[in-house]
Amino acid sequence: MEQFIPGQRWISNTESELGLGLILEVAHKRITVLFLACDEKRMYAQDNAPLTRVRFSAGDVIESIDEEKITVTDLIEQNGLITYLGKNENGQEVRVDEVELNHHIQFNKPQDRLFIGQVDPTAWFLLRYETWRRLQQHQQSPVKGLLGGRASLIPHQLFIAHESANRSAPRIMLADEVGLGKTIEAGLILHHRLINGLSNRVLIIVPETLLHQWLVEMLRRFNLRFSVFDEARCLGAYVEDDMLADAESSLRTLGGEDANSDNPFLTEQLILCSQGFFSNYPRRQQQAIDAGWDMVIVDEAHHLEWSEQAPSADYLFVEQLARISPSLILLTATPEQLGKESHFARLRLLDPDRFYSFAAFVEEERLFEPVANAAKSLLAKEALNEEAQHHLTELLKDDNVDGLLKNLNDPEKSAAARDALVNVLLDHHGTGRILFRNSRQTVQGFPERERYGYALTGAANEDDLQQDPRYLWLVDKVKQLAGDKALVICKHAQTAIDLEQTLKNRAGIASAVFHEGMTIIERDRAAAYFADPDSAARLLICSEIGSEGRNFQFVHHLILMDLPVNPDLLQQRIGRLDRIGQKHVIQIHVPYLEHSDNAVLYRWYDEGLNAFASNSSSAQRVADILHDELAAVLESKDSAAIDALIAKTQALSAELETQMHNGRDQLLELNSCRKELADELIGQLNSYEKEGVLWPYMEDVFECYGVDTEFHSPDCFIVRPSDHLRVSHFPGLTEDGMTVTVDRQIALAREDMQFMTWEHPIVTASMDMVLSSETGNAAISVIKHSDLKAGQFLLECLFIVECSAPAELQIGRFLPHTPIRVLIDQNQKDLSAAIDHRDLVEAGIKFDKHKIIAFLNSQRPHLINLLSMAEQTAKAGMQQLVDDATQAMLESLSNEIKRLVRLKKVNPTIRTEEIELLKDMTMLAHENIQAAQLRLDAVRFVITS
C-alpha cells in the first residue's frame with residue numbers, strides 16, 4: 001500500500017465530486033485531506049481510507065492551478081512527491097509540482113477512472129450496459145409513446161393516437177360517439193408527443209364540470225401532472241413568498257422587467273383550465289395567447305357557438321389560440337348530432353385556409369355525396385350502377401383503377417377489387433386526415449345491459465334514512481347480492497356520506513364513500529379499499545361528480561338511487577361500468593318512489609329512449625327539444641301526459657336515429673380505425689410487455705441504489721426506500737413506498753397500484769440517473785469462462801454512437817444512442833463475437849484492488865493501445881450503423897413524401913407546407929445521421945481465473 005505524505009494529491013473513491021484532495025497531515029494513524037475545490041476537509045483512518053493516489057503518465061493532459069493545459073512527457077518522483085515535466089499549448093517545456101495541479105480536476109472518463117482505481121462494483125457496469133441496450137430498444141420501438149398509458153389496448157384508440165401523434169403538428173378533431181374514449185385518445189396522443197419530445201407546453205381547456213375528470217385521467221392513466229389554473233392560482237403565481245416579491249421589485253427598479261414577467265401561464269408547462277374561467281376573466285385570455293403553446297386541447301368544442309355573422313367571444317378566443325399553436329385537438333360530439341354549420345365551425349379552427357366558407361363547404365359535400373354513396377355500396381358489397389362507377393373513375397383517374405372497376409363483376413376477383421378500391425378511397429377522403437369518428441356500430445366489445453326497476457311505496461325521508469323506503473330496499477338488495485360488489489351513485493355528496501354512515505352504523509354493511517369533497521389521496525384510498533377483493537366493502541357510494549374519471553369495470557351491479565334529468569349524465573353513470581373489456585352483463589338497479597320525479601324519469605328513459613339498454617346518439621338532442629314538455633310532466637305527474645310524452649319521445653328518437661344513421665359517413669368511420677394497422681400495434685405492444693424483462697431490470701436498479709423490493713402477488717411488488725439509499729431521494733418514490741404492477745390487466749382493475757412500464761416516470765428517471773453519472777463506467781472483474789485460460793486479462797469496452805438532433809426529427813427511430821461492445825484480449829485479439837457479454841460471469845473471487853491498480857499502471861501504454869484498437873473496431877461498427885440508419889430514414893421519409901405528393905392532387909387537406917417540411921426534415925435527418933459521434937462510455941478490466 002502506498003505511503004501517505006503531506007503534499008501528495010489523492011482523490012476520494014466515494015465523493016469524486018470533491019475534486020483533487022491535498023494531504024495536509026499524517027499523524028496518529030489518521031490522515032487529514034483538504035479538498036480545495038469545495039473548501040472541504042476530511043479525516044480518514046490510515047489503514048482503510050477510501051482514497052486513490054493521483055498519478056498521471058506520459059501522454060496525459062493535465063491542468064495547472066493557473067488553468068494552463070500541459071501534455072505530460074515525463075515525471076520525477078522524489079520523497080514520495082511527483083513533479084511533472086511537459087509542454088504547454090505553445091510548445092514550451094514546463095515543470096509542475098503535483099501540489100500545483102488544478103483542484104477542480106475530476107476523473108469522469110472511463111479510462112482515467114480505471115487507471116486511478118476509481119472503479120465501481122461489476123453490478124453497476126452491467127446495469128449501465130443493460131440500460132443503454134434497453135434505451136436503444138425503446139427508442140426504435142414502433143410503439144414508443146403508446147406503452148405507458150393505463151388503458152386497455154383498444155384498436156380504434158391506438159390507431160388514432162399512432163396515426164395523428166406522429167405528424168409534425170397534429171390538428172385533428174376527435175368526434176367518436178359517447179363512451180368510445182375521446183379523452184383517452186387525446187391523452188394517448190399527448191403522452192406520445194411528450195415522451196418523444198415533440199411537444200412541451202400544453203394547454204387543455206374543458207367545461208368546469210370536467211376539470212377534475214381530466215386532472216384525474218391525465219394523472220392516473222398517463223402520469224401527467226397538470227396544474228389547474230383559476231383566478232386564485234393566477235393571482236398567487238408570483239406572490240408565493242416575500243423573497244420572490246422582493247426580487248421582482250428589485251428587477252423593476254433596475255428596469256429589467258420582462259414584458260411577460262407577470263404572465264402566470266409561463267410558470268408551468270402543462271396547464272388545465274375551464275372555459276368558464278376564460279369567459280369570466282377576459283384579461284387572462286390575452287395572457288394565455290401570449291404564453292405560447294405547442295399544443296392546445298379543447299374538450300366539448302361544440303359548445304363554442306359560431307355563425308358567419310356573429311361568432312361568440314369564446315369561439316374567437318379559441319380561434320386565436322388555434323392560430324398561434326402548431327397542434328390543436330378538438331373533442332366534440334358527432335357532427336350528425338349538431339348540424340353542418342356547427343361541424344364547419346370546428347373544421348375552420350383546424351384549417352381556416354381549407355375551410356374558409358360555409359357555402360363552399362356545403363357545395364363540396366354535395367359533390368362528394370355520390371362518392372360516399374359508392375363507398376357505402378362497396379362496403380355493403382352491393383353492385384355499383386353506371387353512375388357510381390363513373391364518379392369513381394373521375395375521382396380516381398390518377399390512380400389507374402379501371403382494372404379494379406372491371407374486376408368488380410368478376411366473382412373470383414370482386415372481393416379483392418372492392419378492398420383495393422375502398423383503400424384508395426380512404427386515402428382520398430376529404431376530411432379523413434383531420435377528423436376521426438368511430439361509432440358503437442363499428443367498435444365491438446361492449447357488454448350487454450339488463451335493467452331492473454323497483455317501484456316503492458311510501459315517502460322519502462332525507463332526515464332519517466332508516467325510514468326511507470329506498471334505504472330499506474338497498475339493505476335488502478345488498479343481502480340478495482350475496483357478496484357481489486356494487487357501485488351506488490346519487491346526485492349529491494351529502495347523500496352519499498349519510499348513506500354510507502347509516503349503512504355502517506345501523507345495518508353493519510361496510511362500504512366506501514367517494515365524492516368531490518375528498519382529496520385525490522382520500523379518493524384513491526376509498527377506491528383501493530373497494531377494489532380489493534379481500535376487503536369488507538360491498539358498496540362504493542359515489543356522488544355525481546365524485547365518480548367522474550374512474551373505471552369500475554370489475555363491478556357489474558350499478559344502483560342508481562336517483563336519476564338525472566340529463567341523458568348524457570345518465571350515460572356517464574352507466575359508463576363507469578359499461579366499458580370495453582367489461583366481462584359481465586351490467587345489471588342496472590333503479591329504486592324509485594311511486595308518483596315521484598324519479599318514477600316519471602324511469603319510464604321516460606326506459607320506454608321513451610331505451611337509455612338503460614343501450615347508448616342513444618340522439619338522446620340528448622331529444623331531451624333538448626322536449627325540455628319544456630318534460631319539465632311540465634315532472635310538475636304534473638299526469639299519467640296521460642306521461643304516456644303522450646313517451647310516445648312523442650319514441651317517435652322523435654326514431655326519426656333522429658334514422659337521420660343520423662343515414663348521415664353516417666362509413667368511409668370516414670373506416671378511416672378512423674384501420675383494423676389491420678391497429679391489430680399490428682396491439683401485437684407489438686403485447687409482445688413488448690410479455691418480454692418479461694422490465695421488472696428484472698428495475699430490480700437491478702433498485703438493488704444498486706439501495707431501494708427495497710418485496711413480492712406482493714404475481715406481477716405485483718412493493719417498493720420502498722431503504723436505510724442504505726445511495727441517493728438523497730430516489731426519483732418518484734415516496735418515503736412510504738408504493739405498490740407497482742407490470743401487468744396491464746391488474747393495473748386496470750387496481751388503480752391503487754402504479755402501472756410500471758418502460759415509459760413510467762420512475763423507470764425513465766432511473767435510466768437517466770444511471771447514465772447521467774459516471775457510476776459504473778469503470779469496473780474490474782474476475783471471471784471464469786470455459787473458452788478462456790486462467791491468468792489472462794481482457795478489456796470490455798462499451799462505446800456509444802451518439803446522434804444529437806432536434807426532437808422533431810425523431811432521429812431515434814433510425815439511429816438512437818446505440819451501444820457497441822468490444823471485447824479485446826491482451827494479445828490484441830477481438831473476441832466480441834466469440835464471447836457474449838452475458839457469459840462473462842464473476843467467479844466470486846476476492847482480489848487485491850491496489851495490486852491490480854498498480855498492474856494497470858505498469859501496463860498503461862499497452863492498455864491504451866488496446867483501447868485504441870477497440871475504438872477502431874467500434875468506428876467500423878458505427879459506420880455500418882450510420883449507413884443502415886441513412887437507408888432506413890431515406891426509404892421511410894421518401895415513401896411518405898411520394899404518398900403525400902400523390903394524394904395532394906386529389907385531397908385538398910394535404911398542405912404544400914406539410915410536404916415541404918417533410919423534405920426539409922429528410923435533409924436535416926441525413927445531415928445529423930452523418931454527423932454521428934463515437935464515445936467511450938464504460939470500460940471493464942477482466943481477469944480470468
Side-chain angles (χ1 to χ4, degrees), residues 145 157 159-176 182-183 185-194 196-206 288-289 291-302 304 306 311 314-335 342-358 360-361 364 426-438 668 671-672 807-808 810 896 899-900 903-904 907-918 920-921:
Q157 293 176 355
F159 172 79
I160 289 171
H162 185 265
E163 173 69 16
S164 54
N166 282 306
R167 297 178 188 174
S168 57
R171 297 179 70 86
I172 60 170
M173 188 192 304
L174 303 178
D176 287 351
K182 292 189 287 287
T183 308
E185 290 164 10
L188 283 169
I189 295 167
L190 175 55
H191 182 264
H192 185 288
R193 303 282 297 178
L194 293 171
N196 285 283
L198 299 174
S199 299
N200 294 299
R201 288 183 51 73
V202 180
L203 174 66
I204 299 180
I205 302 173
V206 304
I289 292 164
W293 308 96
D294 300 322
M295 176 180 283
V296 172
I297 299 174
V298 183
D299 194 9
E300 303 283 347
H302 50 277
L304 301 172
W306 177 88
D314 291 344
Y315 183 93
L316 291 173
F317 166 56
V318 172
E319 185 176 34
Q320 290 181 78
L321 280 173
R323 283 177 186 157
I324 58 102
S325 305
S327 298
L328 176 67
I329 299 178
L330 304 178
L331 286 72
T332 181
T334 55
S342 176
H343 181 44
F344 171 77
R346 284 164 277 147
L347 290 173
R348 71 183 294 276
L349 288 174
L350 296 166
D351 190 348
D353 295 332
R354 164 85 174 83
F355 301 100
Y356 60 90
S357 160
F358 179 58
F361 171 69
E364 187 179 308
L426 288 175
D427 270 342
H428 289 68
H429 195 278
T431 56
R433 280 177 56 78
I434 61 175
L435 175 62
F436 293 95
R437 181 167 79 251
N438 289 283
L668 174 58
N671 200 36
S672 297
E808 59 267 20
Q810 296 192 67
E896 182 63 11
R899 191 177 80 88
L900 292 180
L903 291 183
K904 190 177 188 319
N907 190 337
T909 61
I910 293 163
R911 300 176 170 195
T912 303
E913 296 85 7
E914 187 175 355
I915 296 171
E916 291 304 315
L917 179 62
L918 208 49
D920 291 343
M921 286 176 63

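Gly292 and Arg201 make their closest contact through O-NE, 2.9 Å (heavy atoms, listed as atom of the first residue, atom of the second, distance). Heavy-atom minimum distance, Ala165 versus Arg193: O-NH1, 2.9 Å. Between Pro326 and Ala169, the shortest heavy-atom distance links the atoms O-CB, 3.5 Å. Of all heavy-atom pairs between Ala175 and Leu435, the closest is CB-CD1, 3.9 Å. Residues Leu316 and Pro311 share a closest heavy-atom pair of CD2-CG, 3.8 Å. Annotation for Leu194 and Ser199: closest pair CD2-O, 3.2 Å, computed over non-hydrogen atoms.
With sequence neighbours excluded, the residues forming a side-chain contact (heavy atoms from CB on, under 4.5 Å) with Glu896 are Arg899, Leu900, Leu918, listed by chain and number. Evaluation of the salt bridge (charged side-chain N to carboxylate O under 4.0 Å, His left out) rule for Glu163 yields Arg167 as partners, not counting sequence neighbours. Residues meeting the salt bridge (charged side-chain N to carboxylate O under 4.0 Å, His left out) test with Arg171, sequence neighbours left out: none. Under the side-chain hydrogen bond (donor to acceptor under 3.5 Å, both in side chains) criterion, Asp294 pairs with no residue, sequence neighbours left out. Remark: Glu319 pairs with Arg348 by the side-chain hydrogen bond (donor to acceptor under 3.5 Å, both in side chains) rule, at least two apart or across chains. Residues meeting the side-chain hydrogen bond (donor to acceptor under 3.5 Å, both in side chains) test with Ser164, sequence neighbours left out: none.
The aromatic rings of Phe355 and Phe361 stand perpendicular to each other, their planes meeting at an angle above 60°, with 30° marking the opposite boundary.
Leu349 is not listed as a side-chain neighbour of Trp306, based on a closest heavy-atom distance of 4.5 Å or more. Taking the side chain as every heavy atom from C-beta outward, Asp299 and Ile204 never approach each other to under 4.5 Å.
In this structure, CD in Glu185 is found 11.0 Å from CZ in Phe159, a value given to the nearest 0.5 Å. Residue Leu330 holds its CG atom at 8.0 Å from CG of Leu304, rounded to the nearest 0.5 Å. Note: Ile297 CD1 to Leu331 CG = 7.5 Å, rounded to the nearest 0.5 Å. Between the CG atom of Asn166 and the CD atom of Gln810 there is a distance of 5.5 Å, given to the nearest 0.5 Å. Rounding to the nearest 0.5 Å places CD1 of Ile189 at 12.5 Å from CG of Leu198. In this structure, the separation between CD1 on Ile329 and CG on Leu174 is 6.0 Å, given to the nearest 0.5 Å.
No donor-acceptor pair closer than 3.5 Å links the side chain of Asn438 to the backbone N or O of Asp176. Within the 3.5 Å criterion, the main-chain N or O of Met295 finds no donor-acceptor partner in the side chain of Ser327. Of the possible donor and acceptor atoms, one in the side chain of Ser357 sits under 3.5 Å from a partner among the backbone N and O of Ala360. With hydrogens and angles ignored, the 3.5 Å screen pairs no side-chain donor or acceptor of Trp293 with any backbone N or O of Leu328.
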